Amino acid sequence: MKTLIQNAKLFSPLSKHHLKIMDVELTNGVITSIGKNLPAGKSKIIAGKDHILSVAFTDLRANFGEPGFEQNETLRSGIAAAKKGGFTRVCLMPSLMPVTDNQGAVKFLTKNNTTSFQILPLGSISKEMQGTQLTEFAELQNAGAVGFTEDSHTVSTELMMRALEYSKQTNTRIFVAPNDYSVHPKAQIHEGKTSVKMGLKGASELSETLRIQRDLALLKYTGGSLHYYSISTAKGLDMIRKAKKEELQVTCSIAAHQLSFTHEDMIDYNSHKKVWPPFRGGTDRKALINGLVDGTIDAIESQHTPMTIENKELEFEYAEFGISGIEIAFQTIFSAIGKDLPIETLLEKFTIGAEFSANIPPIQMEVGEPARLVLLSTKGKTLVEQSSWLSRGKNTPFFNTELNGTVTPLFD
Amino acid sequence: MKLSTKHLIAIEPLKKADIDLIFSQADEFKEVLNRPIKKVPSLRDITVANLFFENSTRTRLSFELAEKRLGADVVNFSASTSSVKKGETLIDTVNNILAMKVDMVVMRHASPGACQFLSERTNAVVVNAGDGTHEHPTQGLLDAFSIREKLGKVEGKKVVIVGDITHSRVALSNIYCLQKLGAEVMVCGPTTLIPKHIESLGVKVEHNLQRALEWCDVANMLRIQLERQDAGIPYFPSLREYTDLFGLTQDRLNSLGKEIVIMHPGPINRGVEISSEVADGRNSIILNQVENGVAIRMATIFLLAQGIKRVS
């Protein structure tokens with residue numbers, strides 16, 4: 001069966017057709033022709049005028065619940081939600097039960113991978129994420145792990161040191177969420193006027209910068225390779241900017257929802273906005289936008305954290321951190337900052353920037369390649385409704401809101 | 001005259017006119033409380049549930065007396081959050097309240113925002129009797145009311161709140177209420193127990209008790225609440241050192257060369273934040289606060305009940 005996408009602006013940074021308005025023909029899930037005014041024949045026609053036809057997205061940080069937490073998300077529901085969001089590859093956190101700390105666990109996650117959709121598991125840095133013994137990096141990598149992380153757990157200095165040193169020989173990357181919870185115990189939101197007014201413990205930028213500072217020092221010493229997840233502060237970003245100038249092997253990403261709110265928006269105690277790292281202030285928000293523009297921030301991650309509503313619809317302090325958002329990740333950040341930067345810059349963060357950060361081959365929009373493409377409209381609107389929500393995690397502050405942009409996946 | 005709010009969740013969103021209205025109503029009820037028969041049958045058709053998810057003796061008693069003196073039907077529920085699965089109880093409680101046709105809920109809860117959470121999920125009028133480290137609005141009102149009674153007015157007065165500001169629910173309600181009435185507010189306590197951004201609320205910050213006392217007309221001494229601090233490294237080394245630095249003694253008062261009003265929201269740790277001599281001294285209005293608490297709570301409940309649809 002043939003499909004013809006007509007007159008779309010192509011987004012494929014490595015292709016000679018990048019940013020050109022072209023027709024693309026797909027036959028049984030494979031790109032069979034790219035050109036101007038391609039013959040329609042009996043093809044199913046998709047009007048691409050005023051749309052962007054982009055290579056599909058890669059997500060650096062998502063949580064599905066299977067195995068162990070199927071009440072939050074199954075592989076099936078997570079994959080469906082990811083596809084809806086335009087993601088064709090998803091790096092999964094190892095915080096599962098059992099933890100992704102052995103090759104069997106990696107293979108369980110990748111067992112349903114196809115040419116059009118792949119789970120890319122991250123192994124845990126330590127056995128059972130206990131922080132005491134390294135996992136078998138080489139074996140996990142052979143099984144399909146694309147990198148190693150302790151997810152949002154605190155990583156001790158000793159473990160980080162050992163992981164960075166050891167990962168050099170396997171030529172793999174360490175992914176870390178820079179969290180120091182001990183500096184502000186029980187913090188619920190960003191520390192500022194709003195946390196004072198709400199009577200909540202706040203987390204200053206120190207909760208992030210202390211770890212970034214330490215890890216960069218270790219990285220400089222070991223010469224390893226590191227990715228920072230979920231950057232939220234201007235100072236943290238600055239540290240990474242400087243490290244990049246020093247040519248340390250470091251990349252970073254922000255969560256797709258990070259720029260949708262500031263800490264002042266927390267005043268209504270809506271636990272659906274409770275995330276970690278917390279929404280910061282306006283200055284941090286501006287700095288993150290600048291970081292996207294100047295390339296300090298390489299990628300945008302969904303930070304998809306689905307959970308049952310019983311863990312969210314609680315008194316604020318008792319509610320868990322996290323937003324379920326993989327299926328609207330692009331629209332979420334596009335609505336927040338679409339006016340602040342060129343759409344091409346934003347798309348790079350979901351595609352080539354994420355691929356570079358994960359150290360995986362980029363998706364190509366070339367004849368003969370599998371059709372891993374998404375059709376985007378920047379003028380269209382996405383109404384976020386529970387009735388059409390695919391993730392099991394209904395924990396989102398965006399229900400019943402209209403987001404800018406639409407994403408139509410063109411892959412199975 | 002009506003309040004601008006359906007619930008009393010916090011002082012912060014109240015208008016000065018709301019506070020003035022509550023005060024003038026409280027003046028009337030205070031007169032009632034001094035009659036031989038201390039009851040007015042204003043709320044005979046209203047059912048009030050007192051839900052206390054945290055230990056409380058005097059606040060619960062004060063609310064219950066206020067409700068009974070207004071003639072309301074009263075039911076009490078007490079449970080410790082530690083003994084039940086967190087969160088579940090509150091949601092279930094909401095459903096129970098709706099089923100039992102309760103008109104008003106007075107709630108104390110360990111979690112900031114819990115009363116707001118409840119108010120968004122029930123038709124009943126919600127009165128916050130203290131939500132974690134957020135607010136304790138009726139305490140803020142009765143404290144300001146007591147200052148007004150003692151000094152004639154609140155406007156222009158200088159009030160220092162001394163103690164653990166970080167873990168206090170009284171501090172925020174006091175700050176907002178006093179500021180709305182035109183007082184100047186200072187907070188004083190150990191550097192570890194003053195929230196970092198509290199100046200953004202327009203209060204002065206002082207870490208030296210002597211200087212704070214010299215500045216103020218009124219000192220509101222907060223209870224040191226060890227139970228509300230987190231596990232982990234304590235915020236100050238010992239009660240002994242706390243008392244030495246922040247305890248209010250007669251000697252300190254005598255050294256001021258002026259009279260200041262002494263307040264305490266209770267219960268008092270005698271010999272810790274305040275010495276017995278000061279607590280029982282002639283400048284102390286601690287028991288007036290307790291007495292005014294009933295009048296203020298009667299006024300609050302009475303005024304909020306006007307928003308409840310009733311059969312005339």
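Throughout, protein chains are lettered first and strands after them, A, B, ... in sequence-line order, and every chain is numbered starting at 1. If you're wondering where the values come from, they're calculated on a predicted model, not measured in any experiment.
- At a threshold of 4.5 Å between non-hydrogen side-chain atoms, the residues B:L172 and A:K197 do not count as touching.
- Around atom NZ of B:K196, no more than 12 heavy atoms belonging to other residues, nucleotides or ligands sit under 6.0 Å away.
- Here A:Y269 contributes atom OH and B:C115 contributes atom SG; the two are 9.5 Å apart, rounded to the nearest 0.5 Å.
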Could you give me the CA-CA distance, side-chain angles and deciding distance for B:T133 and A:K201, then say whether side chain to side chain contact (heavy atoms under 4.5 Å, CB included) is met? CA-CA 9 Å; B:T133 51; A:K201 288 273 168 69; over 6 Å; no
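- Looking at B:E199, there are no atoms closer than 4.5 Å to chain A (heavy atoms on both sides), in backbone or side chain.
- Scored by the side chain to side chain donor-acceptor pair (under 3.5 Å) test, B:N269 finds B:R223, B:E273 as partners (sequence neighbours excluded).
- Proximity of A:F316 to B:H134: side-chain heavy atoms (C-beta onward) are nowhere separated by under 4.5 Å.
- In this structure the side chain of A:V196 reaches within 4.5 angstrom of the side chain of B:L201, judged on heavy atoms.
- B:Q116 places a side-chain N or O within 3.5 Å of a backbone atom of A:D268 that can act as its donor or acceptor partner.
- Taking 4.5 Å as the limit, some side-chain heavy atom of B:S111 sits within range of a side-chain heavy atom of A:E317.
- Summarising the local packing, CG of B:N123 is surrounded by 12 or fewer heavy atoms from other residues, nucleotides or ligands at distances under 6.0 Å.
- The two atoms that bring B:A114 and A:E315 nearest to each other are CB-CG, 4.0 Å, heavy atoms only.
- The environment of B:K6 atom NZ is dense: over 12 non-hydrogen atoms of other residues, nucleotides or ligands sit within 6.0 angstrom.
- Considering only heavy atoms from C-beta on, A:S271 stays 4.5 Å or farther from B:F117 through its side chain.
- Across B:P112 and A:G199, no two heavy atoms sit closer than the pair CG-O, 3.4 Å.
- In the displayed structure, A:E128 atom CD is contacted under 6.0 Å by at most 12 heavy atoms of other residues, nucleotides or ligands.
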